[in-house]
Chemist: 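What follows is a structure written as structure tokens; I'll ask about it next.
Naming: A, B, ... by sequence-line order, numbering from 1 per chain.
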There are 2 protein chains.
Amino acid sequence: MSKATNTKVETVRYYERIGLLPKPPRTAGNYRDYGEAELGRLSFIRRARDLGFSLDQVRALLGLSDDRSCDCAGIDHIANEHLREVDRKIADLKALRRELKAVIDSCDGGIVADCRIIEALAP
Amino acid sequence: MSKATNTKVETVRYYERIGLLPKPPRTAGNYRDYGEAELGRLSFIRRARDLGFSLDQVRALLGLSDDRSCDCAGIDHIANEHLREVDRKIADLKALRRELKAVIDSCDGGIVADCRIIEALAP
DNA sequence: TCTAGGGTCTGTAGTAGCTACAGGGTCAAG
DNA sequence: CTTGACCCTGTAGCTACTACAGACCCTAGA
């Protein structure tokens, strides 16, 4: 299952420990014995993680997706909140990038004593 | 000093513990007794952190900035590497945002069983 | 002089999300 | 029957802090 989902074995066990994956039955040799359901669940987790959802959000999504007859407003809500978070991060990084670029561009070589980067960082 | 640099007291002590700040002399009552030099150093650290440099990068910058007669290519290198990192992060987040948006847009309400978000996350 | 309130001190443990061992057990192939 | 590749548990490490507990100190007011 680890290979099928491109997940490290330790990560799978970690997900089990924090309750994202159920404790599976064991083989005679005490190996975890996963079926299709767990594979699907892990794939879901991985895909959501790839989209940047936090483990708490993934947990919520899994909970909501279990009740197939509920309406999907809750799911929509989590996804949109995450989208806003991502937008915020992009904006923050762009602002940071601008500032960093300005600091870097101000330096035109020479010795440290004259370095504008150091100067820009100093108080 | 904590107030002057808008840094939590615990963070200052943390920087001392990991060797970013020197162990300062103590007052009679065992309080840390900081001077101007430490204030400058902490300001430098905070500013660099605000620009997204890692603590390791900050450590390197501090080390390089100590030798005022060296040329500032090393500093330039660290800063530019960080800039590239930031650019990479922005690109990654934008790609993620696109994908996330597509997933969200595909859903037009209804019950969970028909939810395209869940469907898009499932294997 | 006492006391209340703010600060500080050390040390430890917690956060997110894994990752990396150590030291053992299991299993299939040769 | 051994070798090598997997699995098992449990614990500690990573980043960059943050949050206590339980002690101590210092100053201002009654």
Side-chain angles (χ1 to χ4, degrees), chain A residues 1-35 38-39 41-62 78 81-82 85-86 88-89 92-93 96 121, chain B residues 1-35 38-39 41-62 78 81-82 85-86 88-89 92-93 96 121:
Chain A
M1 194 162 84
S2 161
K3 264 179 207 147
T5 58
N6 198 25
T7 308
K8 300 225 157 117
V9 173
E10 284 96 341
T11 305
V12 177
R13 298 204 272 250
Y14 170 70
Y15 289 160
E16 180 185 326
R17 206 164 61 244
I18 63 170
L20 274 189
L21 287 174
K23 287 186 195 300
R26 300 299 183 106
T27 66
N30 199 31
Y31 285 23
R32 285 170 180 80
D33 191 14
Y34 289 113
E38 282 81 16
L39 182 61
R41 196 172 169 94
L42 180 55
S43 302
F44 183 102
I45 296 170
R46 295 304 288 178
R47 178 99 177 96
R49 291 288 301 133
D50 283 348
L51 286 173
F53 288 97
S54 72
L55 288 180
D56 269 359
Q57 287 174 321
V58 173
R59 203 188 306 273
L61 288 174
L62 281 167
I78 292 175
E81 196 170 315
H82 178 44
E85 255 170 63
V86 171
R88 219 171 24 242
K89 269 188 199 161
D92 285 355
L93 272 179
L96 188 157
L121 288 171
Chain B
M1 195 162 83
S2 162
K3 267 178 204 146
T5 58
N6 198 25
T7 308
K8 300 223 158 117
V9 174
E10 284 96 341
T11 306
V12 178
R13 299 204 271 249
Y14 171 70
Y15 288 158
E16 180 186 325
R17 206 166 60 245
I18 64 170
L20 273 189
L21 287 175
K23 287 185 194 302
R26 300 301 181 106
T27 67
N30 199 31
Y31 283 23
R32 284 171 182 79
D33 191 15
Y34 288 113
E38 282 81 16
L39 182 61
R41 198 172 169 94
L42 180 54
S43 303
F44 184 102
I45 295 169
R46 295 305 287 178
R47 178 101 179 94
R49 290 290 300 133
D50 283 348
L51 286 174
F53 287 97
S54 73
L55 288 181
D56 268 0
Q57 288 173 321
V58 173
R59 203 188 305 274
L61 288 174
L62 281 168
I78 292 175
E81 196 170 314
H82 178 44
E85 255 170 61
V86 171
R88 221 172 21 242
K89 271 188 198 160
D92 285 355
L93 273 179
L96 188 156
L121 288 170

Chemist: So, OP1 or OP2 of dC9(C): does either fall under 4.0 Å of a side-chain N or O from Arg32(B)?
Modeler: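 For dC9(C), OP1/OP2 do have a side-chain N/O of Arg32(B) under 4.0 Å.
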Chemist: Assign each of Ala28(B) and Arg49(B) to its nearest nucleotide of DNA chain D by heavy atoms, then name whichever residue's nucleotide is nearer the 5' end.
Modeler: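 Its nucleotide being nearer the 5' end, the pick is Arg49(B).
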Chemist: Rounding to a whole Å, what distance do you find between Leu20(B):CG and dA16(D):C1'?
Modeler: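 So the CG-C1' distance, Leu20(B) to dA16(D), works out to 11 Å.
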Chemist: What do the steps show when you test Ile45(A) against Thr7(A) for side-chain contact (heavy atoms from CB on, under 4.5 Å), and what is the final call?
Modeler: CA-CA 10 Å; Ile45(A) 296 170; Thr7(A) 308; over 6 Å; no
Chemist: Give the minimum heavy-atom separation between Thr11(B) and Arg46(B), together with the two atoms involved.
Modeler: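 Scanning both residues, the minimum pair turns out to be CG2-NH1, 3.9 Å.
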Chemist: Whole-Å distance between dT9(D) P and Lys23(A) NZ?
Modeler: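 Value for this atom pair: 9 Å.
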Chemist: Roughly how many Å is it from CG in Leu42(A) to P in dC18(C), rounded to a whole number?
Modeler: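 It is 11 Å, rounded to the nearest whole Å.
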Chemist: Can you tell me how far C1' of dT8(C) sits from CE of Met1(B), to the nearest Å?
Modeler: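 Result: 14 Å.
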Chemist: Under 4.0 Å, counting only non-hydrogen atoms across every strand here, what does Arg13(A) touch: a base, just sugar-phosphate, or nothing?
Modeler: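 Base, at least one base atom sits under 4.0 Å.
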Chemist: Yes or no on salt bridge (Lys or Arg N to Asp or Glu O under 4.0 Å) for Glu38(B) and Arg32(B), after CA distance, side-chain angles and deciding distance?
Modeler: CA-CA 11 Å; Glu38(B) 282 81 16; Arg32(B) 284 171 182 79; over 6 Å; no
Chemist: Would the distance check show the side chain of His82(B) and the main-chain N or O of Gln57(B) forming a donor-acceptor pair, the cut-off being under 3.5 Å?
Modeler: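 Checking the backbone N and O of Gln57(B) against the side chain of His82(B), no donor-acceptor pair under 3.5 Å is found.
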Chemist: With a 4.0 Å limit, can you tell me whether Thr11(A) has a side-chain N or O closer than that to the phosphate oxygens OP1/OP2 of dT19(C)?
Modeler: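 Yes.
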Chemist: Here's a test of your reading of the structure: between Lys3(B) and Ser54(A), which maps to the more 5' nucleotide of DNA chain C?
Modeler: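 Taking each residue's closest nucleotide, the earlier one in sequence belongs to Lys3(B).
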Chemist: For the side chain of Tyr31(A), starting at C-beta, report the closest nucleotide among dC7(D), dG17(C), dC21(C).
Modeler: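 Closest of the options to the side chain of Tyr31(A): dC7(D).
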Chemist: Provide, to the nearest angstrom, the distance between the CG atom belonging to Asn30(B) and the C1' atom belonging to dT8(C).
Modeler: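 Asn30(B) atom CG is separated from dT8(C) atom C1' by 9 Å.
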Chemist: How close or far is atom C1' of dA16(C) from atom CZ of Phe53(A), stated in whole angstroms?
Modeler: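 About 17 Å, once rounded to whole Å.
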Chemist: So, does Arg26(A) get its side chain near the phosphate of dT9(D), meaning an N or O under 4.0 Å from OP1 or OP2?
Modeler: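 Indeed, a polar side-chain atom of Arg26(A) lies that close.
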Chemist: Starting at CD1 of Ile45(B) and ending at P of dT15(D), how long is that distance when rounded to a whole Å?
Modeler: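 Those two atoms, CD1 and P, are 16 Å apart.
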Chemist: With a 4.0 Å cutoff (strictly under), does any side-chain N or O of Arg17(A) reach OP1 or OP2 of dG10(D)?
Modeler: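 No, no such contact exists.
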Chemist: Between dA16(C) atom P and Gln57(A) atom CD, what is the distance in whole Å?
Modeler: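 For the pair Gln57(A) CD and dA16(C) P, the rounded distance is 12 Å.
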Chemist: I want to check one thing: is the phosphate of dT26(C), taken as OP1 and OP2, less than 4.0 Å away from some side-chain N or O of Thr27(A)?
Modeler: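 Looking at the OP1 and OP2 atoms of dT26(C), neither is under 4.0 Å from any side-chain N or O of Thr27(A).
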Chemist: Given dC7(D), dT19(C), dA19(D), which nucleotide is nearest the side-chain atoms of Val9(A)?
Modeler: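 The listed nucleotide nearest to Val9(A)'s side chain is dC7(D).
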Chemist: Is there a donor-acceptor contact under 3.5 Å linking the side chains of Tyr34(B) and Arg41(B)?
Modeler: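 Tyr34(B) vs Arg41(B): no donor-acceptor pair found between side chains.
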Chemist: Counting side-chain heavy atoms from C-beta on, which of dC18(C), dC21(C), dA16(D) comes nearest to Glu10(A)?
Modeler: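 Closest nucleotide among those given: dC21(C).
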Chemist: When you measure only distances, ignoring hydrogens and angles, does the side chain of Tyr15(A) come within 3.5 Å of the base of dG17(C) through a donor and an acceptor?
Modeler: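 Looking at the base of dG17(C), it does not pair with any donor or acceptor on the side chain of Tyr15(A) (distance under 3.5 Å).
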